[in-house]
Amino acid sequence: MSSENGRSGAGEPPEAAERGGEQLAFIRETVRKAKVPRAKPRTWRGAALAGSLPVARVLVDKGPVHLDQLWEYAVPAELDAAAQPGTRVRVRFGAGARNVREGRREGGGLLDGYIVERVAEAEYRGPLAALAQVLSPEPVLTPALYELCRSVADRYAGSLADVLQLAVPPRHARIEAEPSPEPLSPPARPGPGTWSRYPTGPAFLDAVSRGDSPRAVWTALPGPHWPQELARAAGTALAAERGALLVLPDGRAAARVDAELTALLGEGRHVLLTADLGPEERYRRWLAVSRGSVRVVVGTRAAMFAPVRALGLVAIWDDGDGSHSAQNAPHPHAREVLMSRAAHEKAAFLLGGFGCTVEAAQLVNTGWALPLAADRDRVRATAPMIRTVGDGDEARDEAARAARLPTLAWQTAREALKHGPVLVQVPRRGYVPRLACERCREPARCTTCVGPLEALEGDGGLRCGWCGRGQPEWHCAECGGRRLRARIVGAGRTAEELGRAFPSVPVRTSGRDHILDRVPDRPALIVSTPGAEPVAEGGYAAALLLDGWALLGFPDLRADEEALRRWLDAAALVRSQAEGGTVVIVAEPTLRPVQALVRWDPAGHAVRELADRAELGFPPVSRMAAVSGPPEAVAQFLAAAELPADAEVLGPVPMSVTAPGRPRRPGEAPPGERWDRALLRVRPGRGGALASALKTAQAARLAGRDGEPVSLRIDPLNIG
DNA sequence: AGCACGCCGACT
DNA sequence: GTCGGCGTGCTC
């Protein structure tokens with residue numbers, strides 16, 4: 001028993017009786033063959049262990065991918081009470097820890113971790129080190145949160161520690177010492193309100209109220225009601241003593257829903273959780289949720305892991321917005337995280353927006369969720385009138401020409417300005433679409449390497465996105481044309497030109513740097529980049545959606561869907577057709593997303609896109625992953641990885657070069673580096689196998705010394 | 001990732 | 001003999 005080589009029955013757990021009196025017996029004798037028998041672990045001589053469940057399974061925070069597993073530690077008696085599952089602990093880890101255990105000297109790094117569970121017996125067949133310290137009695141990593149993080153890490157081929165960093169905010173001892181407020185009693189159930197505009201809306205709320213877990217893809221009617229509707233759904237869950245979690249794409253949207261929740265529930269029953277609260281306030285509110293003081297959370301993607309008790313409803317608004325993807329590895333998407341939570345925590349699921357992503361259409365298509373939409377008649381009555389102008393139409397009116405506006409857009413604006421504010425949406429400058437020949441629309445390619453051309457900022461000419469060569473002598477390879485389509489004119493210059501065209505009307509801009517929240521119900525021109533449109537108090541009298549070709553020309557699989565989403569989000573701020581609301585879109589009228597806007601049929605558009613993707617084998621009908629890095633690293637990785645049998649490898653191909661001074665966009669190599677990217681594709685249902693193979697290969701790469709690691713991305717956003 | 005162990009050559 | 005190079009492998 002006490003001899004170093006005494007136990008050879010590996011795999012055979014010791015009898016419980018055998019463990020009873022002998023406190024050291026559960027520490028398995030080492031199976032490592034030692035030349036000289038080592039002394040018994042001295043740390044344990046006389047050190048009392050926890051009476052029951054003396055083994056803690058610990059997740060070590062941070063560290064390389066191949067440490068992504070649980071490690072077992074002995075629980076000393078004095079830490080027994082504090083070392084509860086979910087608490088933050090410190091443990092010795094590494095070779096130095098062995099020294100301590102064997103009584104040689106101090107050593108081994110102290111690492112932070114979480115106790116995931118307490119068990120009676122260790123699986124590890126070797127001597128256990130002891131927990132060094134319990135940092136705080138707060139059980140922050142609940143079993144449900146652990147399981148969620150585990151499944152997210154697996155799905156995204158990331159490490160648990162990385163996901164945990166997104167899910168559990170850093171500790172602040174002073175905040176932890178504060179008591180959280182007493183939970184308020186549940187409110188009365190609110191009525192359906194404007195949910196009754198949707199045939200199945202009230203039934204969805206009834207199901208939430210009953211404790212069921214309905215799932216809906218909600219195509220919201222245009223107009224200002226959606227924040228109230230989200231709040232009402234959360235209030236319905238809360239009235240049934242269920243928690244609710246609402247995830248919005250940005251702080252502005254979250255604040256609107258927060259205000260509606262306050263109006264509906266009063267103060268103290270919900271919290272707003274966003275990343276920009278600052279670490280202390282964020283932890284204070286997170287703790288209030290974790291402790292069950294508050295059961296309704298509204299926030300940005302920073303809230304998607306919020307440990308809401310008895311979760312009854314998860315909701316995501318505008319899931320096509322790119323900010324729903326976490327910026328940090330492994331980049332989980334809020335929609336996927338909330339789907340996982342709905343399934344595992346038996347909560348209702350509500351995915352809403354003015355647009356409809358292909359992923360949402362897929363949820364309906366597979367029967368995972370049901371559509372929740374208004375009747376066509378009501379959609380027509382609620383939406384503004386949409387008119388199109390082909391982008392080739394020349395402006396004949398002199399004033400219109402001065403403002404670069406087609407005549408119809410100019411006339412519409414002039415008329416609408418008599419009745420209220422007019423929104424003008426212009427694509428962001430620097431939003432560089434794939435350049436094309438003005439005459440034949442053939443994409444412009446590098447004369448040397450056939451890479452796509454980019455327009456440099458300002459008037460800097462043309463450059464190849466792959467090899468970086470300047471292209472002063474470019475001409476179209478198809479038709480010999482020498483002109484490219486006009487560049488985007490930014491919001492600033494558009495505002496100046498509109499100011500000259502409408503001298504008596506105030507012009508305001510809303511964009512990345514200065515986002516306007518709301519504008520009053522007075523005649524004004526509001527020039528905005530997509531996503532920054534202010535809400536107009538009484539709805540806009542009209543909207544002009546300019547330079548549609550720029551949104552549509554973006555070299556991405558989702559360009560059409562994204563363009564339609566941007567247009568719908570702007571057009572939804574415009575008064576209904578009955579109130580005179582008009583939208584003019586400047587884009588080729590025969591294009592599918594333009595037609596979908598005219599008919600206000602986002603779901604139909606998504607269904608057709610989905611069919612195309614199925615035909616081409618693109619996501620979400622297949623599952624994809626991107627592997628990028630230095631060319632040799634990508635090649636070695638692909639050669640070494642044991643990919644699932646049906647995995648298809650596309651590429652590798654060179655990634656675009658990041659222009660100096662421009663922020664790096666996804667799909668681009670770091671400045672000054674040449675990177676390759678390969679796409680991997682598997683059938684639906686095989687995404688888990690692909691992720692697991694990639695994780696294994698990446699772990700081997702990190703463990704081995706050869707070569708740099710590659711960058712992995714599951715569900716890459718920009719392909720095409 | 002660290003860190004120790006270990007098996008090789010050059011040295012006081 | 002023993003000091004130290006870094007090539008493998010383990011860390012509960």
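Computed over heavy atoms, backbone and side chain alike; hydrogens, waters and symmetry mates excluded. So you know, we letter chains A, B, ... as the sequences are listed, proteins then strands, and number each from 1.
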Atom [atom1] of [X] and atom [atom2] of [N]: how far apart are they, to the nearest Å?
{"X": "A:F93", "N": "B:dA1", "atom1": "CZ", "atom2": "C1'", "answer": "9 Å"}
{"X": "A:Y73", "N": "C:dT11", "atom1": "OH", "atom2": "P", "answer": "11 Å"}
{"X": "A:R92", "N": "C:dC10", "atom1": "CZ", "atom2": "C1'", "answer": "18 Å"}
{"X": "A:D61", "N": "C:dT11", "atom1": "CG", "atom2": "P", "answer": "21 Å"}
{"X": "A:E72", "N": "C:dC12", "atom1": "CD", "atom2": "C1'", "answer": "7 Å"}
{"X": "A:D68", "N": "C:dC12", "atom1": "CG", "atom2": "C1'", "answer": "15 Å"}
{"X": "A:Q69", "N": "C:dT11", "atom1": "CD", "atom2": "P", "answer": "10 Å"}

Aromatic-base stack, A:W71 on C:dC12, cutoff 5.5 Å, angle under 30: no
Do A:W368 and A:F349 have ring centres separated by under 6.0 Å? yes
Derivation of the salt bridge (charged side-chain N to carboxylate O under 4.0 Å, His left out) call for A:D80 and A:R118: CA-CA 10 Å; A:D80 185 15; A:R118 292 272 302 264; 2.7 Å; yes
Parallel, tilted or perpendicular, as decided by the 30° and 60° cut-offs, for the rings of A:H324 and A:H333: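 Because their plane-to-plane angle lies in the 30° to 60° range, the rings of A:H333 and A:H324 count as tilted.
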Residue pair A:R88, A:E138: steps toward the salt bridge (charged side-chain N to carboxylate O under 4.0 Å, His left out) verdict: CA-CA 8 Å; A:R88 304 187 211 240; A:E138 197 82 39; over 6 Å; no
